[in-house]
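What follows is a short report on a single structure.
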Amino acid sequence: MKELVEVIAKALVDNPSEVVVTEKTEGRNIVIELHVAPSDMGKVIGKQGRIAKAIRAVVKAASTRENIKVDVEIV
């Protein structure tokens, strides 16, 4: 899941070298934290959070195949 979020985020931002994705496992739950440059924050979140919701929807769809719960946090 970490790689999926990283690929999506790097395609959206102007500074792909500053994209950092960390993954924390807590039992069957996984928390993925996405860190981007402050200037790219708006591109990752989108108008009214639409891009952030889309990223979360794609990750949720991929995680249901593996029977795990994944939360994506944009930091």
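Predicted model only: the values in this text are computed from it and were never measured.
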*Dump the intermediate steps for side chain to side chain contact (heavy atoms under 4.5 Å, CB included) on Glu33 and Val20, then the final yes or no.*
CA-CA 8 Å; Glu33 292 183 350; Val20 178; over 6 Å; no
*Any donor-acceptor pair under 3.5 Å from Arg56 side chain to Glu73 backbone*: no
_Between Lys10 and Glu6, does any side-chain N to carboxylate O distance fall below 4.0 Å?_
yes
*asked:* Do His35 and Val19 make a side-chain contact, defined as non-hydrogen atoms from C-beta onward lying under 4.5 Å apart?
replied: no
*asked:* Tell me whether the count of non-hydrogen atoms from other residues, nucleotides or ligands lying under 6.0 Å of NZ in Lys53 goes above 12.
replied: no
*Same hydrophobic cluster for Val44 and Val7, using side-chain heavy-atom links shorter than 4.5 Å among ILVMFWY?*
no
*asked:* Rounded to the nearest 0.5 Å, what separates atom CG in Leu34 from atom CD1 in Ile8?
replied: 10.0 Å
_Close side-chain approach of Ile68 and Asn29, heavy atoms under 4.5 Å_ = no
*Can you check whether Ile32 reaches Thr22 side chain to side chain, under 4.5 Å on heavy atoms?*
no
*With side chain to side chain contact (heavy atoms under 4.5 Å, CB included) as the test, would you mind laying out the steps for Arg50 and Ile45 before giving the verdict?*
CA-CA 7 Å; Arg50 288 185 182 152; Ile45 295 173; over 6 Å; no
*Out of curiosity, does Val5 fall in the hydrophobic cluster containing Met41 (side-chain heavy atoms, cut-off under 4.5 Å, transitive links)?*
yes
*Backbone N or O of Asn15 within a donor-acceptor pair of the Asp40 side chain at under 3.5 Å?*
yes
*Apply the test side chain to side chain contact (heavy atoms under 4.5 Å, CB included) to residues Glu66 and Met1: give CA-CA distance (whole Å), side-chain angles for both, the deciding distance (0.1 Å), then the verdict.*
CA-CA 10 Å; Glu66 300 177 15; Met1 296 299 143; 3.7 Å; yes
*Search all heavy atoms of Ile51 against all heavy atoms of Leu12 and return the closest pair with its distance.*
CG2-CD1, 3.6 Å
*Would you say Glu18 and Val36 make side-chain contact, with heavy atoms under 4.5 Å?*
no
*When rounded to the nearest 0.5 angstrom, what is the spacing between CZ in Arg28 and CD1 in Ile30?*
9.5 Å
